[in-house]
Engineer: 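To start, I am sharing the structure in question, which I have written as structure tokens.
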Amino acid sequence: MEVAAAAACGANLRFSSPWIWSDKVEGRSNGFPRISQQCTRRHSTELQRRRSEWVRRGGRVSLTVSNACKGSPQQAPSVQSGNICTSFDSKWLLKNKGEEVTSDLNGRCIFLVGMMGCGKTTVGKVLSEALGYSFVDSDKYVEEAVGGSPVAQIIKQFGESSFRDYESEALMNLSLMSRQVVATGGGAVTLPINWKYMKEGISVYLDVPLDALACRIAAVGTDSRPLLTFESEDAYTKAFMSLFTLLKKRRCSYSNADVTVSLQNIAANLGLEDLLDITPTAIALEVLIQIENFLQRNNGMSIRI
Ligand SMILES: Nc1ncnc2c1ncn2[C@@H]1O[C@H](COP(=O)(O)OP(=O)(O)OP(=O)(O)O)[C@@H](O)[C@H]1O
Ligand SMILES: O=C(O)C1=C[C@@H](O)[C@@H](O)[C@H](O)C1
């Protein structure tokens, strides 16, 4: 099936194998993607199979051995991005890195930003545990503030602009706190005032390829996501095309984050072909490594904009 509306969007798409096989999404002469029906069905089934496997394994991943890491856990060297060792349990590495980074952070909050489905909640919970921080989901914070209605209903009932006002108020309140990992809403980055709040802490962009996002969202359904407005019977196509348009508008805003953590880079560094093999623990570890680098580059200070 061809997705005509793709032609309306002028952004560059980055496809990461193996989420979209080259025989299923083909570049067209006009530079826009063509997505086959078969592709979308295969994606959902494959995703569900892999997710069950991932859950059965307890979210574990085997990491590539690096020559840079030798010795016992007691003599563990500091972990550099891209040099994650198999010899130690990744949770052990995360805990240790968490302890190191916690003291550098001096109580500052971490704000996770990124498109819906990029893993802010999943990774945020793991990260907060490693840092000894609390975890807050700003969507949940808004829901509680307005009496328990789901975000989808708030948007439908009051409109996106009112939701953004509630979201800004939530971020303002959260920016006054310390020792919190905050999973922000996917669109929080679009309002400049929110950056003022988030710059009270360290902001981290979780950069996940569009096709992986669409797969994850399609696997759980699009019903609770009113901003996915592309019309299609197929959940993957609906998610992919809507996210494509949203990301085109937001990419620049995400780049304001202090730190970017790219799943494609993690996969490349770990020698993994499949993004689904990257566990939340491995992603949280990369977040901490990148935060540590950022703090070192800026002498422990977050740059304010
Ligand atoms: N590393 C991962 N590997 C595989 N699936 C993942 C991973 N991280 C998250 N997921 C799955 O992706 C989906 C979205 O994750 P999550 O809710 O953490 O994203 P989010 O960024 O908080 O989304 P939103 O902004 O919509 O709240 C969930 O179904 C989750 O189980
Ligand atoms: O990307 C977005 O704009 C959104 C993401 C969700 O987290 C919610 O904040 C809401 O559905 C809007």
Side-chain angles (χ1 to χ4, degrees), residues 19 44 46-55 57-61 90 111-128 135-143 146 149-156 158-168 170-171 181-191 194 204-210 212-229 235 239 242-251 253-254 261-264 266-267 270 272 274-287:
W19 286 96
S44 257
E46 177 66 2
L47 183 83
Q48 274 151 20
R49 187 188 68 71
R50 283 158 185 253
R51 173 160 297 147
S52 312
E53 201 178 290
W54 184 65
V55 170
R57 290 199 319 243
R60 291 253 172 94
V61 66
S90 58
F111 292 92
L112 297 177
V113 302
M115 293 292 280
M116 53 183 92
C118 72
K120 298 179 294 290
T121 308
T122 310
V123 175
K125 286 179 180 168
V126 176
L127 195 59
S128 63
F135 172 77
V136 194
D137 180 329
S138 91
D139 284 342
K140 294 267 177 298
Y141 191 98
V142 169
E143 287 175 356
V146 298
S149 308
V151 163
Q153 196 183 318
I154 299 170
I155 294 177
K156 277 184 192 150
F158 303 110
E160 186 183 344
S161 155
S162 298
F163 167 70
R164 296 288 170 218
D165 291 342
Y166 290 127
E167 186 172 57
S168 286
L171 289 172
V181 173
V182 181
T184 65
V189 294
T190 55
L191 293 191
N194 294 342
V204 178
Y205 170 40
L206 295 183
D207 183 7
V208 176
L210 216 48
L213 295 174
C215 276
R216 288 179 186 179
I217 290 171
V220 290
T222 56
D223 289 352
S224 63
R225 301 188 180 273
L227 299 189
L228 300 181
T229 51
S242 308
L243 293 171
F244 178 80
T245 309
L246 285 174
L247 184 59
K248 193 183 156 207
K249 291 185 200 145
R250 292 177 182 176
R251 195 183 285 284
S253 306
Y254 288 130
V261 167
S262 149
L263 253 65
Q264 277 181 318
I266 299 176
L270 295 177
L272 296 172
D274 194 333
L275 296 188
L276 250 195
D277 284 335
I278 311 173
T279 62
T281 302
I283 300 167
L285 180 58
E286 182 65 14
V287 169

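Everything numeric in this text was worked out from a predicted model, so none of it was measured. Both counts, for ligands and for their atoms, begin at 1 and track the order of listing.
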Engineer: May I ask you to check whether T122 has an N/O atom sitting below 3.5 Å from an N/O atom of ligand 1?
Structural biologist: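 Such a contact does occur with ligand 1.
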Engineer: State whether the shortest distance between N or O atoms of C118 and N or O atoms of ligand 1 falls below 3.5 angstrom.
Structural biologist: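 There is such a contact, yes.
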Engineer: Can you find a non-hydrogen atom of R225 under 4.0 Å from ligand 2?
Structural biologist: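 For ligand 2, residue contact (heavy atoms, under 4.0 Å) with R225 is absent.
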Engineer: Determine whether any heavy atom of E143 lies closer than 4.0 Å to an atom of ligand 2.
Structural biologist: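 No.
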Engineer: What is the minimum heavy-atom distance between I278 and I266, and which atoms define it?
Structural biologist: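 Looking at all heavy atoms of both residues, the closest pair is CG2-CG2, 3.8 Å.
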Engineer: Could you tell me whether G117 and ligand 1 have an N or O pair separated by under 3.5 Å?
Structural biologist: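 Indeed, backbone or side chain, G117 has an N or O that close.
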Engineer: Can you tell me the protein heavy atom closest to atom 11 (O) of ligand 2 and the distance?
Structural biologist: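 Heavy-atom neighbour on the protein nearest atom 11 (O) of ligand 2: V151 CG1, 3.8 Å.
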Engineer: Is there a polar contact between ligand 1 and T184, counting only N or O atoms under 3.5 Å apart?
Structural biologist: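 No, since none of the N or O atoms of T184 sits under 3.5 Å from an N or O of ligand 1.
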Engineer: Among all protein heavy atoms, pick out the one at the shortest distance from atom 9 (O) of ligand 2; state its residue, atom name and that distance to 0.1 Å.
Structural biologist: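 Residue, atom and distance for the closest contact: D139 OD1, 2.7 Å.
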Engineer: Of all the heavy atoms in R250, does at least one lie under 4.0 Å from an atom in ligand 2?
Structural biologist: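 Contact present.
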Engineer: For A267 and L275, which heavy atoms make the closest approach, and how far apart are they?
Structural biologist: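 Smallest heavy-atom distance, with atoms named: CB-CD2, 3.7 Å.
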Engineer: For ligand 1, find out whether one of its N or O atoms is nearer than 3.5 Å to an N or O atom of L275.
Structural biologist: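 No, since none of the N or O atoms of L275 sits under 3.5 Å from an N or O of ligand 1.
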Engineer: In terms of atom number and element, which parts of ligand 1 are under 4.0 angstrom from non-hydrogen atoms of I283?
Structural biologist: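 Checking each atom against I283, I get 1 (N).
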Engineer: What's the shortest distance from atom 5 (C) of ligand 2 to any protein heavy atom, and which residue and atom give it?
Structural biologist: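 Result: G186 N, 3.3 Å.
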Engineer: Which is it for I278 and ligand 1 at heavy atoms under 4.0 Å: side chain, backbone, both or neither?
Structural biologist: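 The answer is the backbone of I278.
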Engineer: Name the closest protein heavy atom to atom 12 (C) of ligand 2, giving the residue it belongs to and the distance to 0.1 Å.
Structural biologist: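 It is L227 CD1, 3.7 Å.
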Engineer: What do you reckon, does R225 have a nitrogen or oxygen under 3.5 Å from a nitrogen or oxygen of ligand 1?
Structural biologist: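 Yes; the residue has a nitrogen or oxygen that sits under 3.5 Å from a nitrogen or oxygen of the ligand.
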Engineer: Specify whether F158 and Y166 have parallel, tilted or perpendicular ring planes, treating 30° as the upper limit for parallel and 60° as the lower limit for perpendicular.
Structural biologist: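 Rings of F158 and Y166: perpendicular, as their planes differ by over 60°.
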